[in-house]
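Start at 1 and go down the list; that is how both ligands and their atoms are numbered.
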Amino acid sequence: MTKAIFPGTFDPITKGHLDIVERGSEIFEHVYVSVYESSEKKTLFNINERVEMFELSTQHLDNISVSPYKGLTVDFAKKVGAKAIIRGLRIGQDFEYERGMALVNREINNRIETVCLISTLPNQFISSSRVKEIAQLGGEFNSFVPEKIYQQAKIKLKGAN
Ligand code: COA
């Protein structure tokens, strides 16, 4: 069976990401959640916090592991022996963006396929930036993030006011 990576910044993990990784873990033998140590995106949560929050949220899944990575996503996939990159597709422009990224990744390494899963309806409009914005403006965000990380996220998000 095939292994896959699920890359992203996850600043922080949302229920949308959880939806995709849970479904990916049903399809693939092992899913390596790959947390990008982004240089271009300024993150609120540091790399250790982002990894830890993903680990906490996915304790119920036994065929996934979470680790940070730098550099090209396809290179990381190759390094861990994954043949696929899982991506989630929400409404709107995700398709165009993902299509471009899949084509570039394929150009760099044509042995690694991109597999897109359509986000479930309640997760179509969530993004990490929206969660941060709602929380920092004093709104309730518990329906957008996994229950297990809510308290940890709340401390940092409210503190960032
Ligand atoms: N549910 C909820 N939210 C989702 C989602 C889903 N299924 N899929 C994506 N999102 C959100 C993310 O949280 C993110 O929100 P934000 O912009 O508010 O932080 C946004 O949609 C964009 O997501 P994504 O495209 O996954 O961006 P990312 O920054 O999380 O990850 C990388 C992008 C790291 C995968 C990509 O930049 C990359 O591969 N970089 C490595 C360098 C490289 O290889 N470059 C060549 C590739 S073209």
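In terms of polar-atom proximity, R90 is counted as a contact of ligand 1, with an N or O under 3.5 Å from an N or O of the ligand. By the 3.5 Å distance cut-off applied to N or O atoms, N123 is not counted among the residues near ligand 1. For ligand 1, the polar-atom distance check against Y36 finds no nitrogen or oxygen pair separated by under 3.5 Å. Remark: ligand 1 and V104 share no N or O pair separated by less than 3.5 Å (distance only, no angle test). Ligand 1 has no nitrogen or oxygen under 3.5 angstrom from a nitrogen or oxygen of D94. The shortest N/O to N/O separation between E40 and ligand 1 does not fall below 3.5 Å. When only interatomic distances are considered, the shortest N/O to N/O separation between S129 and ligand 1 falls below 3.5 Å.
Put simply, the side chain of R50 gets close to the backbone of Y36: a donor and an acceptor are under 3.5 Å apart. Looking only at distances, a side-chain donor or acceptor of T14 sits under 3.5 Å from a matching main-chain atom of G16. Distance alone, capped at 3.5 Å, is enough to place a donor-acceptor pair between the R130 side chain and the F125 backbone.
Nearest protein neighbour of atom 15 (O) of ligand 1, counting heavy atoms only, is S128 N, 3.6 Å. Summary of contacts: the protein heavy atom closest to atom 22 (C) of ligand 1 is K41 NZ, 4.2 Å. For atom 45 (N) of ligand 1, the nearest protein heavy atom (residue, atom name, distance) is L72 CD2, 4.1 Å. Protein heavy atom nearest atom 38 (C) of ligand 1, with residue, atom name and distance: T73 OG1, 3.4 Å. For atom 3 (N) of ligand 1, the closest non-hydrogen atom on the protein side is I126 O, 3.2 Å. Of the protein's non-hydrogen atoms, the one nearest atom 29 (O) of ligand 1 is T9 OG1, 2.5 Å.
If you check each of R87, K70, E133 against atom 35 (C) of ligand 1, the one with the closest non-hydrogen atom is R87.
When the shell of 6.0 Å around CD of E29 is examined, it contains more than 12 heavy atoms from other residues, nucleotides or ligands.
Ligand 1 lies less than 4.0 angstrom from a heavy atom belonging to G71. Taking a 4.0 Å cut-off on heavy atoms, D11 fails to register as neighbouring ligand 1.
Every residue two or more places apart in sequence or in another chain that forms a side-chain hydrogen bond (donor to acceptor under 3.5 Å, both in side chains) with R99 is listed here: E96.
Between F10 and H17, the two ring planes are perpendicular [angle over 60°; tilted spans 30° to 60°].
Using a 4.0 Å cut-off between charged nitrogen and carboxylate oxygen, K132 and D11 count as a salt-bridge pair.
Of all the heavy atoms of R130, none lies under 4.0 Å from any atom of ligand 1, so neither backbone nor side chain is involved.
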For residues 143-150, which side-chain N or O atoms pair as donor and acceptor with protein atoms under 3.5 Å away, sequence neighbours left out?
from, atom 1, to, atom 2, distance (Å)
K148, NZ, Q59, OE1, 3.4
Y150, OH, E140, OE1, 3.3
Y150, OH, E140, OE2, 2.6

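Using a 4.5 Å cut-off on side-chain heavy atoms (C-beta onward), H60 and E22 make contact.
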